[in-house]
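Note that this is a predicted model, so its numbers are computed, not measured. Lettering of chains follows the sequences in order, A, B, ..., and the numbering in each one begins at 1.
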2 protein chains.
Amino acid sequence: MDKYVKILKDNNIKVTPQRLEVLRYLDDNKAHPNVEKIYSELKKKNPSLSKTTVYNTLDSLKEHGLVQVLTISPTESIFDSVISPHHHFLCKICGAVIDIEIECPYIEDILKGGHRIDEVHGYFKGTCEECLNKKEAQ
Amino acid sequence: MDKYVKILKDNNIKVTPQRLEVLRYLDDNKAHPNVEKIYSELKKKNPSLSKTTVYNTLDSLKEHGLVQVLTISPTESIFDSVISPHHHFLCKICGAVIDIEIECPYIEDILKGGHRIDEVHGYFKGTCEECLNKKEAQ
DNA sequence: TTATCATCTTGTATTAATTACAAAGTGGTA
DNA sequence: TACCACTTTGTAATTAATACAAGATGATAA
């Protein structure tokens, strides 16, 4: 059985071509796409694709814990199919979102508190190495 | 000299009644308001206040490091006049944003990396204690 | 104190991400 | 193969945020 068909079936999500394509896209593209990017790329192969379908599919995947939704950008949601705990850096110049491979060491302490924690997000914002170099070159 | 007048002058921000009121509101209200909340509260005393002015003022304060802008909510920016490093919890049921008094221990390591870090955000999302209790009571 | 000018405030219009919704289409099951 | 619930599509509506122009105001210098 196809890898992505299995993922959907294992999560009781009805299998449709659109969902398979979104899942495949996220798995193949770890560069933290936004909805517009996912939509415009998939529309190339399937011109009748609706943006609403992309939103609906991403909602389903999120509800089942198959994608993370990052709120690191103040203007749009960013999607990450890597579920393992890691943090992110946002370059405020070029907009790139870059993985930072660290994990919050306080999770155990916080889980002991009164709130129920479902998501942990570590965001760093600034200027990425590449943009710093470009600025120096000027 | 008034406390808020001094803050603005020290930061080379021209003193206006609107800016003083926004500054005072943020200092008096540590409950992490959004723009709508700040605007609607201040409009009570100053009915001619424009939302654009609130946006402009918050931008100035942010540029001068006098407020933090939190992107913990997927739909809107949240403002925090407490600049000291601390993290935040978002209740996905009631929308409350609650301070978590811990500080990222990795900052030194990350600052040694190639990117320039200007902001550090630690966000936890889930269900707050109060909403958990309400759910149990049902 | 007053004139001046740059800056600020206001209100409206616009942009852009997201959500709502209804009609047509499709996947899974009996 | 027929059925039904769910999905997809396209359009309309919502909402946060931004752009912009005209009028108002704060700081400075004469």
Pairs: protein N or O with nucleotides 11-13 of chain C N or O, under 3.5 Å:
{"residue": "C/dG11", "atom": "OP2", "partner": "B/S48", "partner atom": "O", "Å": "3.4"}
{"residue": "C/dG11", "atom": "N7", "partner": "B/S50", "partner atom": "OG", "Å": "3.4"}
{"residue": "C/dG11", "atom": "O6", "partner": "B/T52", "partner atom": "OG1", "Å": "3.2"}
{"residue": "C/dT12", "atom": "O4", "partner": "B/T52", "partner atom": "OG1", "Å": "3.4"}

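Identified under the ring pair (Phe, Tyr, Trp, His ring centres under 6.0 Å) test for residues 46-72 of chain A, with sequence neighbours left out: none. Residue pairs meeting the ring pair (Phe, Tyr, Trp, His ring centres under 6.0 Å) criterion with at least one member in residues 2-51 of chain B, sequence neighbours excluded: B/H32-B/H88.
Applying the salt bridge (Lys or Arg N to Asp or Glu O under 4.0 Å) criterion to A/K37, with sequence neighbours excluded, gives A/E41. With sequence neighbours left out, B/S60 forms a side chain to side chain contact (heavy atoms under 4.5 Å, CB included) with B/R19. Scanning for ring pair (Phe, Tyr, Trp, His ring centres under 6.0 Å) contacts around B/H87 gives an empty result, with sequence neighbours left out. Contacts of B/K43 classified as salt bridge (Lys or Arg N to Asp or Glu O under 4.0 Å), with partners at least two apart in sequence or in another chain: none. Remark: B/K45 pairs with no residue by the side chain to side chain donor-acceptor pair (under 3.5 Å) rule, at least two apart or across chains.
Taking every heavy atom of residues 10-29 of chain B and every atom of DNA chain C, pairs under 4.0 Å involve B/K14, B/T16, B/Q18, B/R19, by number. Remark: A/T75, A/E76 in residues 66-76 of chain A come within less than 4.0 Å of DNA chain C through at least one heavy atom.
One end of the helix from C/dT1-D/dA30 to C/dA30-D/dT1 points its axis 30° away from the other end's axis, with each axis taken from 5 pairs and the angle rounded to 10°.
In the hydrophobic clustering, A/F124 connects to A/F89, A/I98, A/I100, A/I102, B/Y106, B/I107, B/I110, B/L111, B/I117, B/V120, either directly or through intervening members, whenever side-chain heavy atoms lie under 4.5 Å apart.
Rounded to an integer number of Å, the gap from B/Y55 OH to D/dA17 P is 4 Å. B/D59 places its CG atom 14 Å from the C1' atom of C/dT9, with the value rounded to the nearest Å. One interatomic measurement links the two molecules: OH of B/Y39 to C1' of D/dT15, which rounds to 15 Å at whole-angstrom precision. Atom pair A/K37:NZ and C/dA16:P shows a separation of 18 Å (rounding to whole Å applied).
The pair B/E119-A/K92 meets the salt-bridge criterion, with a side-chain N (NZ, NE, NH1 or NH2) lying under 4.0 Å from an Asp/Glu carboxylate O.
A/N56 comes within 4.0 angstrom of a base, heavy atoms only.
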B/K9 and B/V15: side-chain contact (heavy atoms from CB on, under 4.5 Å), yes or no, with the steps? CA-CA 7 Å; B/K9 288 198 169 175; B/V15 178; 3.9 Å; yes
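When only modelled atom types and interatomic distance are considered, A/K135 and A/T127 share no side-chain donor-acceptor pair under 3.5 Å. A side-chain N or O of A/S48 and one of A/N46 form a donor-acceptor pair less than 3.5 Å apart.
Looking at heavy atoms from C-beta onward, A/D99 lies out of side-chain contact with A/V82 at the 4.5 angstrom threshold.
With D/dT8, D/dT9, D/dA17 as the choices, the nucleotide that has an atom nearest any side-chain atom of A/N46 turns out to be D/dT9.
Between B/E36 and A/T53, the residue anchored closer to the 5' end of DNA chain D is A/T53, taking for each the nucleotide with the nearest heavy atom.
Contact check, A/S77 against C/dA17: no side-chain N or O comes under 4.0 Å of OP1 or OP2.
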